[in-house]
Novice: 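Sending over a structure as structure tokens; questions will come in a sec.
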2 protein chains.
Amino acid sequence: MSQHRPPGAPERPVAVPALPDLPEATVARLPEYLRALHNLAENGHETVSSEWLAGAAGVNSAKLRKDLSHLGSYGTRGVGYDVALLIDQIEYVLGLTQRRSVALVGVGNLGHALAGYDGFATRGFRIAALFDADPVRVGEEINGLVVRHVDELSRVATEESIAIGVIATPAAAAQRVADRLVAGGVTSILNFAPCVLTVPDGVDVRKVDLAIELQILSFHEHRKASRTALPAVGEAALPPLPGSLAATNPQEAIGT
Amino acid sequence: MSQHRPPGAPERPVAVPALPDLPEATVARLPEYLRALHNLAENGHETVSSEWLAGAAGVNSAKLRKDLSHLGSYGTRGVGYDVALLIDQIEYVLGLTQRRSVALVGVGNLGHALAGYDGFATRGFRIAALFDADPVRVGEEINGLVVRHVDELSRVATEESIAIGVIATPAAAAQRVADRLVAGGVTSILNFAPCVLTVPDGVDVRKVDLAIELQILSFHEHRKASRTALPAVGEAALPPLPGSLAATNPQEAIGT
DNA sequence: CGCGATTTGTGCGTGTCTTCACAAGCGCTT
DNA sequence: AAGCGCTTGTGAAGACACGCACAAATCGCG
Ligand SMILES: NC(=O)c1ccc[n+]([C@@H]2O[C@H](COP(=O)([O-])OP(=O)(O)OC[C@H]3O[C@@H](n4cnc5c(N)ncnc54)[C@H](O)[C@@H]3O)[C@@H](O)[C@H]2O)c1
Ligand SMILES: NC(=O)c1ccc[n+]([C@@H]2O[C@H](COP(=O)([O-])OP(=O)(O)OC[C@H]3O[C@@H](n4cnc5c(N)ncnc54)[C@H](O)[C@@H]3O)[C@@H](O)[C@H]2O)c1
């Protein structure tokens, strides 16, 4: 996804801490550290050890130190990290020093909840526009914002310099919406619809899918159950699932 | 997280395809395959090639084949995979052959959206109970379910054999709720609150955090911007971030 | 019945991520 | 000023994941 090297940046090992090439895994953890740090700051702590911070973020302390070392941040040996400094560094690297504008598309069940969520504002984002296709919803005012028609999406996205688009429409409409976002110059999309989006190179898509999370949990449930229930015949662990047998007959009684 | 080996199952390489030890990465992709397969089935397709299915799921075809090979599923060389058979196999492995009961705790902004979401039912889950702490909300009926008081959580969870708990309360209450879920025998938790939960061994927690997703996107936005704006002096690529300096000065100019 | 077209299953090289373990650095105390 | 305890930063090894490329298997057709 981020493998392309635009010929404009010919591999110059810039010495200044412009933007280090962080491992994706590290990037995904930085926000967690950031939240823990904010909690610490609110409670008046000025320094924190890697051990403590790692605990608060739920990770191994060596991993945390390596993560932080990647962004060149210097803690002090024997003491720990300066909380305020670390917050500034992480926020800088994550690009949170400028408040990014978010467009929310699809003001239905989920969209309403998102529109009313204060977690946007408190974490460096600003909902700049709401869109929907339903004429009934267009014009509705939510949290001081008027819902606009999705036909205006591309134009408004350009005008308002929307940085991130959030898709909360049914899956059937998601690709169309994504296309419009891209047409409006949006290069980052957060997709709540259960479908795979196709976007040009250079556009990042992240997906949040409740059902997938539940199914992953279900797998572990299933495995736990089959472990503890090995001796007994209960649970669905024994049906040998002969592999070559016909596909029919999942006789385990789903209602649906 | 799943490192513990309960002494009941002493490493016996069971020959029957009880439950293969799937790599986590594979488990996370299976639900995606499953959805693509359901789409195919609805459209009347009976077989599908790895290439096609991989495209629909947005992954490499070799990866898909390896994933499927892990669960012992057999496609037919020269033909592809039997759609219906594959659906059954994946659903079996994910433990979706039995409908799992879900308890939703915190019926606020987000909780309402979740409670009204039909994606639960269509993907093998059943919302069995709703809980909240606010006396105003307790007693409210949503989608045929009456909101109960969170004090009943542990008891009801046990009685109704709740398999998965979904936490949609403010972060401050999440740990307490998690404790009650665990007390009620729940061993899988999906947490929407922005905080780290501490749970006993054997309990799985997955977290969905909107703000983290946005911040990851923000990072990539930032990096894209700094790449294209290298020649100029604009953008925040040059300020050497002296380490002790404040983080102000968001004077960046997105050119879109 | 054999052959070519097609597609699966997988061995293997490569890269990324994680974790351990420890030297180097820092500050406090004596 | 030297010693000591504590914590960071990182080398190295292992675990995991990815994707290429190809042999093996199957089908359809002549
Ligand atoms: N409700 C939830 O809790 C929940 C949870 C997880 C995922 N999701 C997913 O989020 C999406 C939205 O869910 P929901 O429950 O809010 O559905 P919803 O039907 O309540 O809302 C969808 C909204 O999108 C609008 N819409 C439809 N087509 C559009 C288009 N082309 N352009 C702009 N807007 C359009 C509709 O008018 C409607 O207002 C779905 O894909 C759903 O699967 C929902
Ligand atoms: N609203 C969103 O779109 C959104 C998006 C992402 C994450 N979240 C997170 O989801 C959580 C809920 O968000 P929300 O917007 O629905 O908040 P909300 O305040 O609207 O709802 C929270 C609900 O939890 C209930 N509650 C409080 N303490 C409780 C307890 N101890 N036991 C049971 N219930 C309790 C409250 O009565 C309220 O009904 C928050 O942690 C929030 O950060 C929300």
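Below, read A as the first sequence line, B as the second, and so on, with proteins coming before strands; counting in each chain starts at 1.
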Novice: When you measure from the side chain of His222(B) to the backbone of Leu217(B), do you find a donor-acceptor pair of N or O atoms at a distance under 3.5 Å?
Specialist: no

Novice: Starting from C1' on dG9(D), measure out to CG on Asp67(A) and report it in whole angstrom.
Specialist: 13 Å

Novice: When you check the side-chain N and O atoms of Thr26(A) and Asp67(A), is any donor under 3.5 Å from an acceptor?
Specialist: yes

Novice: Do Glu91(B) and Thr97(B) have a side chain donor and acceptor closer than 3.5 Å?
Specialist: no

Novice: OP1, OP2 of dG9(D) versus side-chain N and O of Tyr81(A): anything below 4.0 Å?
Specialist: yes

Novice: Mark yes or no for whether Asn191(A), through its side chain, and Cys195(A), through its backbone, hold a donor-acceptor pair below 3.5 Å.
Specialist: yes

Novice: Counting N and O atoms only, with roles assigned by atom type, does the side chain of Arg100(A) sit under 3.5 Å from a partner on the main chain of Gly95(A), one being a donor and the other an acceptor?
Specialist: yes

Novice: Please check this pair: side chain of Glu46(A) against backbone of Asp82(A), looking for a donor-acceptor N/O pair closer than 3.5 Å.
Specialist: no

Novice: What I'd like to find out is whether the side chain of Val166(B) reaches to under 4.5 Å of the side chain of Val105(B), using heavy atoms alone.
Specialist: no

Novice: Which pair of heavy atoms, one from Ala41(A) and one from Ile87(A), lies closest together, and at what distance?
Specialist: CB-CD1, 4.0 Å

Novice: Rounded to the nearest angstrom, tell me the gap between atom CG in Asp82(A) and atom C1' in dG27(C).
Specialist: 16 Å

Novice: Can you measure Leu71(A) atom CG to dT8(D) atom P for me and round it to whole angstrom units?
Specialist: 14 Å

Novice: What are the two closest heavy atoms between Ala178(B) and Leu197(B), and how far apart are they?
Specialist: CB-CD1, 4.0 Å

Novice: How long is the line joining CG of Leu30(A) and P of dC17(C), in whole Å?
Specialist: 13 Å

Novice: Is the backbone of Pro194(B) close enough, under 3.5 Å, to the side chain of Arg35(A) for a donor and an acceptor to pair up by distance?
Specialist: yes

Novice: Through what angle, rounded to 10 degrees, does the axis of the helix from dC1(C)-dG30(D) to dT30(C)-dA1(D) turn between its ends, using five pairs per end?
Specialist: 10°

Novice: Just how far, in rounded Å, is P of dG19(D) from CG of Leu64(B)?
Specialist: 12 Å

Novice: How many whole angstroms separate atom CG of Leu22(B) from atom P of dC18(D)?
Specialist: 13 Å

Novice: Measure from CD on Glu24(A) to C1' on dA17(D) and round the result to the nearest Å.
Specialist: 15 Å

Novice: Round to the nearest Å and state the distance from Lys63(A) atom NZ to dC17(C) atom P.
Specialist: 11 Å

Novice: Assign a letter to each nucleotide of nucleotides 20-30 of chain D from its 5' end: B, base within under 4.0 Å of a protein heavy atom; S, sugar-phosphate only; -, no contact.
Specialist: BB--BBBS---

Novice: Please list residues of residues 39-56 of chain B whose heavy atoms come under 4.0 Å from any atom in DNA chain D, ordered by number; otherwise none.
Specialist: none

Novice: Check for a donor-acceptor pair, side chain of Thr76(A) on one end and backbone N or O of Val79(A) on the other, with a separation under 3.5 Å.
Specialist: no

